[in-house]
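Reading through the structure tokens given below for one structure.
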Amino acid sequence: MAPQLPFINLLAQPGGRRRQDLGSFEYSYQAEITNVYPLTKAEKLYQLQLIDPEERRRFSFLPGQFVMLELPGIGEAPFSISSSPLHHGDLELCIRDVGNLTHFLSRMQRGARVGISGPFGTHFPVENMVGQDVLLIGGGLGIVPLRAPLFAVLENRSRYGRLDVMYGAKSPADLLFTYQYDSWRQFDVNLAITVDRPNRGWRGATGLITELLKERIAKADFQPATSFAIVCGPPVMFRFVCALLTEAGLPMQKMFVSLERRMHCGRGKCCRCNIGATYICLDGPVFDYWTVMNLKEAI
Amino acid sequence: MAAPLSYLGVGLDRPRVGVFEFTSCEGCQLQLVNNEATLLDFLNLIELVNFREAMSERSDDYDIALVEGSISRADEVARLKEIRTNARLLVALGSCACFGGVNQLKNRFGDLDWVKKKVYGDFPIASQEVRPLADFVAVDLMIYGCPPKKEEIEKVVTNLVVGKKVAMPKYPVCMECKANENICLFTLGEPCLGPITRAGCDAWCPNHRRGCWGCRGPAEAANVRELEAIMARHGFSREAMLDRLECFGGFSSQVAALRGQPRRPRKARSSKRS
Amino acid sequence: MIFATFSKKELPRLFDLLAPNTVVGPVQKGLDRAGRPLYDFDVIYRFQDLRLDYPTTIHSAKRHFLPHRESLCTFTLQGNDWEKQVDYNVYKPVVFFGLHACDINALNKLDKVLSSPPYPNPYYTAKRRNMFIIGQGCQPQPQCFCRSMGTDTALHGFDLFLTDLGDRYFAEILSATAYQFLQKIITRPPTAKDHDRYKEVVTERNQQFQTTVDTTDLTKLLDLEFESAAWQQWGDKCLSCGTCANVCPTCYCYGVEETVDLDLRGAAKTKYLYSCNLIDFAEVAGGHNFRPQTATRLKYRYYHKHRGFVEAYEESLCVGCGRCGEACLAGITVPDVLASVRALGG
Amino acid sequence: MKRSRTIQLNHLPRVEGHGNIHIRVQQGKVVEARWEVVETPRFFEAMLIGKLWENAPYLCGRICGICSIGHTLASIRAVENAFGIVPSEQTTTLRLLLKHMETLQSHILHLYFLAAPDFLGVGSLLALTQSHPTEVQRALRLKLLANDACDLIGGRRLHPTRTVVGGFTMLPEKAQLEHLAQRLAAAQEDLAAAADLFGGFTIPHFARETEFVSLKGDHDYPFIGGELISSDGVIKKEDEYQAMTNEYCAEGFTAKLSRLSRDSYAVGALARLNNNFGHLHPAARTVAKRLGLAPVNHNPFMANLAQLVECVHVVHDSLSLIKKLLRRKRQAPRVALKPRKGYGVGAVEVPRGILYHAYEFDQEGRIVKADCVIPTSQNHANIQHDLQALARQWAAQGQADADIELLAQMLVRAYDPCISCSVH
Ligand SMILES: Cc1cc2nc3c(=O)[nH]c(=O)nc-3n(C[C@H](O)[C@H](O)[C@H](O)COP(=O)(O)OP(=O)(O)OC[C@H]3O[C@@H](n4cnc5c(N)ncnc54)[C@H](O)[C@@H]3O)c2cc1C
Ligand code: SF4
Ligand code: SF4
Ligand code: SF4
């Protein structure tokens with residue numbers, strides 16, 4: 001009898017859940033939707049809890065990282081974790097109903113189960129910002145990924161300098177997390193909000209977020225040498241914002257942005273989100289502005 | 001009554017479906033019953049309330065209208081408008097409904113009386129220029145193909161039931177043909193419209209060594225100019241290319257451009273559901 | 001490396017020894033319009049069907065390690081609950097009989113992305129680990145430019161590599177398994193004459209390459225010529241059809257599709273290979289397309305292969321097999337494109 | 001009880017295409033019984049003019065969604081006859097096999113989906129999935145087999161891809177044919193059960209002397225090409241088909257009508273069986289006898305049973321065709337061709353009856369003139385006459401409206417009309 005080649009069964013090999021393990025590729029945690037809060041017409045805040053207590057405890061992430069959320073047969077998509085890293089496997093995702101997955105999700109009730117994998121990607125290096133002023137600038141849904149670094153700074157508020165949150169939305173009805181603004185201010189956050197289209201009752205600023213930023217830069221206490229900025233929002237917005245900050249003297253490597261691409265695997269294999277050799281899902285989504293400047297077609 | 005439907009704990013409505021046909025060969029609706037292996041599961045997913053070809057019962061209360069065929073007579077226009085009023089979602093099923101299909105080939109003569117005379121002599125017959133559904137009513141969704149793939153119809157219906165958006169491929173047939181590792185028909189010496197035709201059929205014809213005739217209409221970046229060059233390079237006549245391009249009506253604007261005719265303005269009122 | 005030679009008559013015996021496994025190799029698929037034979041890789045049951053004299057194949061052997069469609073997992077559902085089943089879709093080892101150096105190098109390149117941390121792709125890796133590869137020296141074709149890409153010889157990534165010395169084969173043995181298989185046929189250690197003949201054959205072959213690509217400073221050139229008019233010229237021809245990616249041995253981009261079973265009791269997640277030339281490749285949620293023009297997409301393919309990959313792995317992702325140029329109906333070939341970017345830009 | 005009443009049924013369900021039934025009874029006498037065809041015409045015969053020859057089979061297959069294979073084959077035959085192409089034996093065998101599988105598919109569809117619900121008193125097959133699940137499964141199994149076979153040989157069950165002038169673009173593999181033979185052999189059990197089911201139905205009592213037209217079989221039960229014959233004794237050559245069909249237009253019909261020796265004639269399974277009973281496979285003849293079907297039968301409702309007998313015939317004949325294919329050496333899939341000026345006719349027996357395609361070509365193979373005569377259009381006049389006779393018979397018997405309406409529908413359905421095809 002001729003010899004048969006040995007078969008190496010990778011599936012049979014013990015698969016842990018560490019990054020290097022082959023078994024981790026398609027592994028997803030099961031999580032339960034514990035609460036759903038409608039924030040605006042299109043966005044809802046989902047509180048999720050990993051079902052396995054051990055997994056919930058071990059799950060850890062850094063501000064700016066994202067997870068892939070999966071609904072069997074419906075789809076899988078990346079979402080920034082919007083809660084504090086201290087809460088481990090009790091996650092908050094703020095999700096806008098734009099398509100298949102997000103729409104089906106919006107019809108699900110508490111108690112339903114979703115798949116979560118990750119966390120993936122790079123993060124905003126809040127640990128390097130200790131002792132410095134921090135500017136968080138968000139446009140539209142961009143406020144969602146900003147919440148994680150915001151919480152991270154607030155947990156250690158005394159270790160940071162001045163903390164600015166600038167947030168722009170289309171209209172007052174589109175503002176997210178309005179219920180939290182007061183509590184942020186209590187932690188010495190300079191919150192500035194602007195809308196494009198004010199309604200009758202609106203008493204805050206109107207216009208582009210760049211106007212808020214110009215005002216801030218004009219102030220005497222703006223010190224580019226000891227500041228960091230995190231900018232999230234649509235590409236047009238952070239292009240202008242970053243240009244303004246650069247002009248004001250903030251070094252490019254001290255500005256961080258989060259890029260968005262359509263991701264199919266989230267694991268640097270499907271080649272859908274990469275720009276040349278740079279994978280948004282592995283090397284990003286968080287980049288410093290210098291890197292983005294060097295990426296063709298990044299924004 | 002069948003058990004209520006649900007998916008991942010979300011309750012789903014079983015859509016009431018009506019199937020209708022206009023000027024056509026009725027092949028598209030036949031495809032609905034041509035999926036023997038899955039027919040019963042398919043029928044469980046929907047409530048069929050109107051399907052003249054297969055059932056006696058009729059009702060005007062339906063959510064989804066699957067409409068086959070092109071429009072070529074005044075009474076058809078009226079009936080189509082009625083269907084539009086009744087249906088929440090109107091689906092154009094097949095090339096005739098989407099583009100006019102083979103039926104629109106008679107339009108190319110311009111003179112309709114000549115066409116009628118050619119077939120019926122002096123016998124009076126009512127018939128007008130063949131048009132696709134979207135020329136008269138808003139069409140929510142198009143299922144392309146002559147014939148459409150039953151798998152595609154099933155996928156579309158499943159997606160509608162669970163509330164998933166239906167996205168048809170935007171790339172051309174070549175993509176699927178190459179994925180199936182076929183030998184290119186141009187290599188074999190046959191013309192093919194695969195490079196510019198919308199995929200989704202899984203390269204049905206090239207899989208059988210038959211050139212594509214473009215029944216699914218243009219792909220989203222259809223490079224007709226280059227196709228012309230390719231046809232010429234391989235020694236195929238312009239006539240053979242135009243025969244294929246004009247066969248199903250999907251490329252009507254491209255054909256008009258190639259023939260140097262002004263593109264006739266369309267009354268198109270296609271709507272996208274939000 | 002360990003070498004051996006054996007008579008050509010021994011090859012069928014080696015085949016038969018390996019035949020209890022699935023064997024994939026070059027076969028004739030038909031004739032083209034001029035009556036010339038066409039080849040592709042397929043599963044082989046009889047030695048006679050193996051066409052080791054094949055010049056090249058239309059498609060690479062990719063289907064057997066990166067299938068165009070592949071199930072990633074399935075789900076079974078009940079109420080709120082669901083369960084996921086993962087399968088890597090490989091159940092036995094596969095023998096690849098007669099891969100040319102370019103195709104072996106393609107696998108080596110793919111390994112760098114797909115089998116490397118973080119998140120090695122287990123579907124590919126499981127297949128790759130279960131491959132037994134017998135490489136074979138090739139006959140350079142007019143479209144081949146592997147020599148320019150440095151992939152005309154394979155240094156690793158195979159079990160056994162055969163060079164045709166006329167009446168016998170010169171074998172490079174790279175794995176213990178291959179060594180053990182060769183024990184079962186009649187081989188002998190190569191003599192000095194064999195070495196000389198081997199060198200002669202290789203030199204002869206190297207003189208037959210007709211196409212070259214100037215890769216000097218290519219990555220920088222591409223950066224400089226990002227706005228070159230050449231891209232638009234080729235873009236005007238490109239059909240956005242993805243044929244080039246489909247026949248390419250190293251194109252691995254994919255998409256994922258999730259489907260619900262007709263009975264609503266199950267679901268599946270399927271991977272399908274995609275191509276950066278397809279119009280919606282760079283579309284994101286909300287409908288924005290980062291590369292709506294054909295020219296920018298075509299350019300992107302070159303940037304990923306010849307610039308991005310080089311940046312990451314110090315080598316190009318293209319092995320110079322020339323398949324994409326042969327398959328492209330619009331006649332767009334890598335040597336032409338790169339030459340025109342160099343010329344037009346300068 | 002004598003009174004006046006009108007039965008008006010628009011867009012008759014469970015038939016292919018759009019037709020209306022209109023019956024008016026006054027004082028127990030039928031004053032009007034009309035079969036109307038309101039289907040929108042498509043003008044294929046005009047469409048083809050000026051097109052190159054290769055368009056003909058491609059377009060003409062699309063005349064009909066049910067018998068697209070038959071149309072394609074008739075069209076191919078017409079082109080081949082015009083160009084003087086003789087297909088290989090392998091091609092003719094495969095074509096006949098393909099034809100058989102279409103016949104099986106179409107007959108099963110008609111018998112179970114369209115006709116059976118009437119006999120079982122329901123509105124559609126949907127209801128039968130509850131009441132007769134085994135029969136439905138059987139029907140689906142048979143239909144799947146036939147459809148799979150059409151996919152295998154023709155490339156596609158609807159609008160075939162592999163069938164071309166000169167032969168086929170691709171051939172089925174040996175193993176695939178062997179597998180098909182196994183499935184066909186196994187299907188005989190399902191067909192026997194179908195014969196039991198349909199044999200148990202009460203076939204309405206009605207007969208009207210009719211002329212039957214079909215192909216004339218020489219040695220075999222005929223399906224593709226050959227002479228034409230009528231039960232009234234007319235025999236013509238294939239290219240003299242116009243002498244058989246005598247098409248004319250009439251009020252109330254968007255389809256053309258036909259006549260031969262009488263006011264109307266019938267084509268279809270019953271006509272084929274009446275004219276060629278002796279050529280049926282013995283197994284099919286046995287089933288026919290069991291079902292009480294012998295030539296010449298003048299009850300149009302018996303067409304249902306004739307279809308069943310044909311199903312048995314085609315399954316048996318397919319088995320011997322496959323044997324023949326497996327025995328012979330493989331030939332090239334198709335023969336080369338050169339267009340030339342000429343005229344050609346293709347006559348093919350499709351499920352609903354005899355079908356003719358005829359084209360005239362110029363030097364380059366461009367179509368100058370095209371004519372297609374569809375089985376259902378040949379049947380329309382006969383349906384009309386049957387309907388009148390039937391209405392008279394039942395009105396005289398004082399049947400209730402609902403019964404007459406149902407019987408009238410069943411009569412039309414028994415012809416398995418393909419109305420859209422008839423109005424091509
Ligand atoms: C790193 C990262 C973090 C993110 N964080 C968040 C977050 O915190 N919150 C949030 O709400 N979103 C976030 N997003 C965006 C989010 O991933 C997308 O909104 C999500 O993928 C949408 O998935 P879906 O299935 O609902 O939409 P899809 O069904 O994929 O469709 C979304 C839109 O794209 C269009 N589309 C889809 N498929 C096609 C196609 N084939 N052709 C053409 N158009 C198509 C649809 O028309 C629709 O408008 C993030 C994205 C990234 C990359
Ligand atoms: S056969 Fe047609 S679809 Fe297939 S690759 Fe060639 S041109 Fe494209
Ligand atoms: S290959 Fe072309 S003609 Fe054939 S089914 Fe696909 S789109 Fe239609
Ligand atoms: S380069 Fe050629 S093969 Fe590739 S997408 Fe463009 S036309 Fe198709």
Side-chain angles (χ1 to χ4, degrees), chain B residues 21-31 33-34 36-37 39-40 43 48 51-58 69 71-73 75-76 101-103 105-106 108-109 114-123 125-127 130 146-147 190 204-205 207-210 213 215 237 239-240 243 247, chain D residues 11-18 38-49 51-52 54-55 58-59 62-66 68 109 113-114 117 122-126 129 136 139-141 143-144 147 155-162 164 169-170 249-250 254 256 333 409 418 420-421 424:
Chain B
E21 67 286 307
F22 292 99
T23 309
S24 66
C25 77
E26 299 202 4
C28 297
Q29 36 178 302
L30 201 72
Q31 283 292 78
V33 292
N34 252 346
E36 297 85 5
L39 185 62
L40 300 180
L43 291 175
L48 207 48
F51 187 3
R52 191 197 48 74
E53 191 175 302
M55 61 196 269
S56 298
E57 298 84 352
R58 288 175 201 184
I71 302 299
S72 75
R73 215 166 53 195
D75 60 315
E76 291 189 324
V102 288
N103 311 327
L105 277 173
K106 77 165 193 201
R108 79 185 196 280
F109 296 110
W114 178 86
V115 173
K116 287 185 197 170
K117 237 191 169 84
K118 208 77 209 161
V119 178
Y120 288 93
D122 290 328
F123 187 76
I125 204 94
S127 180
V130 170
C146 180
E190 301 268 340
W204 222 350
C205 300
N207 288 349
H208 299 287
R209 299 214 166 155
R210 185 75 182 264
W213 282 59
C215 76
S237 69
E239 185 177 2
D243 273 353
C247 189
Chain D
H11 295 186
L12 178 67
R14 279 186 284 123
V15 297
E16 211 270 10
H18 298 92
V38 293
E39 182 81 16
T40 37
R42 283 168 294 157
F43 301 93
F44 272 88
E45 287 135 328
M47 248 182 243
L48 288 166
I49 294 176
K51 287 272 170 201
L52 287 170
E54 55 169 353
N55 286 265
Y58 195 81
L59 288 177
R62 283 160 172 84
I63 287 178
C64 183
I66 300 189
S68 58
L109 176 79
F113 285 55
L114 310 184
V122 294
S124 75
L125 182 85
L126 235 51
T129 56
V136 172
L140 291 179
R141 208 154 46 222
K143 201 161 118 49
L144 180 66
N147 268 334
R156 185 155 73 180
R157 55 195 61 181
L158 174 56
H159 302 332
T161 50
R162 291 186 176 190
V164 286
T169 57
M170 260 176 130
C249 295
T254 49
K256 292 181 191 167
Q409 289 194 39
C418 184
S420 42
C421 184
H424 47 287

Max heavy-atom pair count under 4.5 Å with chain D, selected residue of B:R58, B:E76, B:E57: B:R58
Working to the nearest 0.5 angstrom, can you tell me the gap between D:L52 CG and B:E239 CD? 4.0 Å
For a quick test of reading the model, state the closest non-hydrogen atom pair linking D:L158 to B:G27 and the distance between them. CD2-O, 3.2 Å
Side-chain donor or acceptor of B:H208 paired with backbone N/O of D:T161 under 3.5 Å: no
Chain D interface, residue from B:N34, B:N103, B:L48 that has the most non-hydrogen pairs under 4.5 Å: B:N34
Is chain D contacted by the side chain of B:Y120, its backbone, both, or neither, given a heavy-atom distance below 4.5 Å? both
Tell me which of these, D:I63, D:L126, D:L114, D:I49, has more heavy-atom pairs under 4.5 Å with chain B than the rest. D:I49
Under 4.5 Å, counting heavy-atom pairs only, tell me which of B:C25, B:S237, B:C247, B:G121 racks up the most with chain D. B:C25
D:V122 portion near chain B, given a 4.5 angstrom heavy-atom threshold: neither
Once you round to the nearest 0.5 Å, how far does CG of D:N55 lie from CG of B:D243? 4.0 Å
Between D:V38 and B:D75, is any pair of side-chain heavy atoms under 4.5 Å apart? no
Side chain / backbone / both / neither for D:P117 at chain B, heavy atoms under 4.5 Å: neither
Honestly, the part of B:N207 sitting under 4.5 Å from a heavy atom of chain D is backbone
Spacing of B:L30 atom CG and D:E16 atom CD [to the nearest 0.5 Å]: 7.5 Å
One option among B:L43, B:V130, B:V33 has the most heavy-atom pairs under 4.5 Å with chain D, and it is B:V33
Inter-residue atom distance D:L109.CG - B:E36.CD, 0.5 Å rounding: 9.0 Å
So, the part of D:R157 with a heavy atom under 4.5 Å from chain B: the answer is side chain
With a 4.5 Å cut-off on heavy-atom pairs, point out which of D:E54, D:H424, D:M47 contacts chain B the most. D:M47
Side-chain donor or acceptor of D:R62 paired with backbone N/O of B:C146 under 3.5 Å: yes
I'd like to know if the side chain of B:R52 and the backbone of D:V15 have a donor-acceptor N/O pair within less than 3.5 Å. yes
Can you tell me which of D:H159, D:R141, D:E45 forms the most heavy-atom pairs within a distance under 4.5 Å of chain B? D:H159
Turns out that what part of D:C249 lies under 4.5 Å from chain B's heavy atoms comes down to both
For the atom pair CG (D:L125) and CG (B:L39), what is the distance rounded to the nearest 0.5 Å? 7.0 Å
Could you walk me through whether D:F44 and B:V102 pass the side-chain contact (heavy atoms from CB on, under 4.5 Å) check? CA-CA 9 Å; D:F44 272 88; B:V102 288; 3.9 Å; yes
Using side chain to side chain donor-acceptor pair (under 3.5 Å) as the criterion, list what pairs up with D:H18, not counting sequence neighbours. B:E21, D:E39
Take D:K256 and B:V119, measure what side-chain contact (heavy atoms from CB on, under 4.5 Å) needs, and give me the verdict at the end. CA-CA 10 Å; D:K256 292 181 191 167; B:V119 178; 4.0 Å; yes
Top contributor to chain B interface from D:C64, D:S68, D:C418, D:A139 [non-hydrogen pairs under 4.5 Å]: D:C64
With a 4.5 angstrom heavy-atom cut-off, could you sort out which part of D:T254 is near chain B: side chain, backbone, both or neither? both
With a 3.5 Å distance limit and no angle check, can you tell me whether B:K118 reaches the backbone of D:F43 through a side-chain donor-acceptor pair? no
Which residues pass the side chain to side chain donor-acceptor pair (under 3.5 Å) test with B:K106, sequence neighbours left out? B:S127
Options B:R108, B:Q31, B:K117, B:E190, ranked by heavy-atom pairs under 4.5 Å with chain D, top entry: B:R108
Any donor-acceptor pair under 3.5 Å from D:R156 side chain to B:W204 backbone: no
Using a cut-off of under 4.5 Å on heavy-atom pairs, state which of B:W114, B:W213, B:F109 scores highest against chain D. B:W213
First locate atom CZ of B:R210, then atom CZ of D:R162, and finally report the distance between them rounded to the nearest 0.5 Å. 12.0 Å
Closest non-hydrogen atom pair between B:S24 and D:S420, with its separation: O-CB, 3.5 Å
Below 4.5 Å, heavy-atom pairs only: which of D:Q409, D:H11, D:R42 has the largest tally toward chain B? D:R42
